Chemist: 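Provided herewith is a single structure, encoded as structure tokens, for subsequent inquiry.
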Amino acid sequence: MQDVLVVGKEFFDLPMKEKERFYSEDPKQSYGLRTSLNYDQEKVHFWRDNFRHPCHPLEDYIHDWPQNPARYREVYGSYTVEVRKVGLLLLDLICEGLGLECGYFGGDLSQVQFINTNHYPLCPDPSLVLGLPKHGDPYLLTLLNQGHVAGLQVLKDEQWLALEPLHNAFVVNINYMLQVISNGKLKSADHRVVPSSDVARTTVVTFISPSNDSLIEPAKSLLVSKSSPPLYKSFRFIDFLSNYATDTHQGKDPLERLMVSSSY
Ligand SMILES: O=C(O)CCC(=O)C(=O)O
Ligand SMILES: [Fe+2]
């Protein structure tokens with residue numbers, strides 16, 4: 001868990017010339033280096049550099065990854081394979097906990113995996129900016145390796161709570177698609193990142209995601225009684241993604257438009 005943070009930091013420390021070929025500010029791009037969340041729409045940019053790319057199946061993607069730092073492919077490659085095993089195990093346990101049929105999250109619902117490295121440089125005045133604004137993650141499950149530097153906050157009862165790093169532990173985040181599939185039994189957690197003037201922060205985030213064409217809907221076996229009608233409509237994951245960035249940027253709940261009761 002430490003190695004990937006070291007190599008991720010080495011990547012951001014490379015000269016701009018070396019990194020610029022990966023640069024793209026398009027929030028819809030699944031591959032690339034960017035500095036903010038939604039560069040064209042946001043008035044204030046966020047205090048973060050970000051490099052993300054797909055990583056499963058490894059052999060389809062690894063040849064596009066950076067070759068500098070020299071250890072990038074080796075360290076990120078084995079990390080993504082191992083983290084996937086943990087993620088899929090957690091999904092199996094969540095499946096069992098919800099009472100869904102075994103293997104419900106296999107196949108298309110967990111087919112895609114991204115690895116997202118964030119670097120929050122030293123910030124001269126953290127009172128003026130955020131590293132990342134309030135958001136929920138759009139996929140199925142997040143496994144965040146946040147190293148040893150604090151900065152992540154989660155919204156609970158209208159209060160921002162700091163999540164102190166625990167050595168060699170993941171922060172596991174329920175994402176919007178798990179909220180829909182569980183028909184609201186599991187809730188996506190809003191979170192944000194505050195920068196620091198004392199210490200820079202590097203984090204490595206794994207997202208397990210449905211494939212774009214996956215049909216997302218509340219699991220039928222959770223809707224058996226009259227007292228649990230479906231809260232959400234059925235939709236394709238790609239259709240949700242097409243509004244996610246704009247809704248989040250405007251401070252709207254991106255699931256609102258997909259609620260059975262919504263007037264969208
Ligand atoms: O860097 C962190 O602590 C959180 C990152 C995050 O929320 C994200 O990449 O979606
Ligand atoms: Fe997030």
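Side-chain atoms are counted along with the backbone in the values below, which use heavy atoms only and exclude waters and symmetry mates. Note that the structure is predicted; figures quoted are calculated from it, not measured. Counting starts at 1 for both ligands and their atoms, in listed order.
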Chemist: Look at atom 4 (C) of ligand 1 and say which protein heavy atom is nearest, naming residue and atom and giving the distance to 0.1 Å.
Modeler: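 Ranking protein heavy atoms by distance from atom 4 (C) of ligand 1, first comes Val193 CG2, 3.7 Å.
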Chemist: For atom 6 (C) of ligand 1, grab the closest protein heavy atom and report residue, atom and distance to one decimal in Å.
Modeler: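 Heavy-atom neighbour on the protein nearest atom 6 (C) of ligand 1: Leu132 CD1, 3.5 Å.
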Chemist: Below a 4.0 angstrom heavy-atom separation, can you tell me which part of Tyr139, side chain or backbone, both or neither, approaches ligand 1?
Modeler: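 It is neither; nothing of Tyr139 touches ligand 1.
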Chemist: Under a 3.5 Å distance rule, please check whether Asp108 uses its side chain to pair with a backbone N or O of Ser211 as donor and acceptor.
Modeler: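 Absent.
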Chemist: What protein heavy atom is closest to atom 3 (O) of ligand 1, reported as residue, atom name and distance in Å?
Modeler: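 In this structure, atom 3 (O) of ligand 1 has Arg201 NH2, 2.9 Å as its nearest protein heavy atom.
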Chemist: Answer yes or no on whether Arg52 is positioned over the face of Phe114, meaning its NZ or CZ is under 6.0 Å from the six-membered ring centre and within 45° of the axis.
Modeler: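 Cation-pi check for Arg52 and Phe114: passes.
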Chemist: Could you check whether any side-chain N or O of Asn145 sits under 3.5 Å from a backbone N or O of Met1, counting only pairs where one atom can act as donor and the other as acceptor?
Modeler: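 Answer holds: yes.
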Chemist: Which option wins on minimum heavy-atom distance to atom 5 (C) of ligand 1: Asn175, Asn118, Val194?
Modeler: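 It is Asn118 whose heavy atom sits nearest to atom 5 (C) of ligand 1.
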Chemist: Counting N and O atoms only, with roles assigned by atom type, does the side chain of Asp125 sit under 3.5 Å from a partner on the main chain of Ser127, one being a donor and the other an acceptor?
Modeler: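 Yes: the side chain of Asp125 pairs with the backbone of Ser127.
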Chemist: Would Asp3 and Arg71 pass as an ion pair if we require N to O under 4.0 Å?
Modeler: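 Salt bridge flag = yes for Arg71 with Asp3.
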Chemist: Going by distance only, is there an N or O of His135 that falls short of 3.5 Å from an N or O of ligand 1?
Modeler: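 By distance alone, the answer is yes.
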Chemist: Given NE2 of His191 on one side and NE2 of His135 on the other, what angle do they make at the Fe ion (ligand 2), to 10°?
Modeler: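 Computed angle, vertex at the Fe ion (ligand 2), rounded to 10 degrees: 90°.
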Chemist: Select one of side chain, backbone, both or neither to describe which atoms of Val171 lie under 4.0 Å from any atom of ligand 1, heavy atoms only.
Modeler: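 For Val171, there is no contact with ligand 1 at all, from either part.
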Chemist: Of all N, O or S atoms in Asp137, identify the one at the shortest distance from the Fe ion (ligand 2).
Modeler: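 Considering only N, O and S atoms, Asp137 comes nearest to the Fe ion (ligand 2) through OD1.
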Chemist: Within the supplied structure, the quantity of interest is the number of heavy atoms (other residues, nucleotides, ligands) at a distance under 6.0 Å from Glu96 CD; does it exceed 12?
Modeler: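 Counting neighbours around CD of Glu96, 12 or fewer heavy atoms of other residues, nucleotides or ligands fall under 6.0 Å, so no.
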Chemist: Using heavy atoms and a 4.0 Å limit, tell me yes or no: is Arg192 in contact with ligand 1?
Modeler: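 No, that is not the case, since the closest heavy atom of the residue is not under 4.0 Å from the ligand.
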Chemist: Are there over 12 heavy-atom neighbours, none belonging to Gln250, within less than 6.0 Å of that residue's CD?
Modeler: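 Buried by this count: over 12 neighbours within 6.0 Å.
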Chemist: Are the aromatic rings of His135 and His191 close, with centres under 6.0 Å apart?
Modeler: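 They qualify: ring centres under 6.0 Å apart.
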Chemist: Look only at the side chain of His249 and the backbone of Asp247, and say whether a donor-acceptor pair between them is shorter than 3.5 Å.
Modeler: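 Between the backbone of Asp247 and the side chain of His249 there is no qualifying donor-acceptor contact (under 3.5 Å).
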Chemist: Taking non-hydrogen atoms only, is Leu144 closer than 4.0 angstrom to ligand 1 via side chain, backbone, both or neither?
Modeler: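 Contact part for Leu144 vs ligand 1: side chain (C-beta onward).
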Chemist: Looking at ligand 1, does His191 have a heavy atom less than 4.0 Å from it?
Modeler: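 Yes, that is the case, since the closest heavy atom of the residue is under 4.0 Å from the ligand.
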Chemist: List ligand 1 atoms under 4.0 Å from Tyr120, heavy atoms only on the residue side.
Modeler: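 Matching atoms, with element in brackets: 1 (O), 2 (C), 4 (C), 5 (C).
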Chemist: Can you list the atoms of ligand 1 that are under 4.0 Å from a heavy atom of Asn116?
Modeler: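 Selected atoms, number and element: 9 (O).
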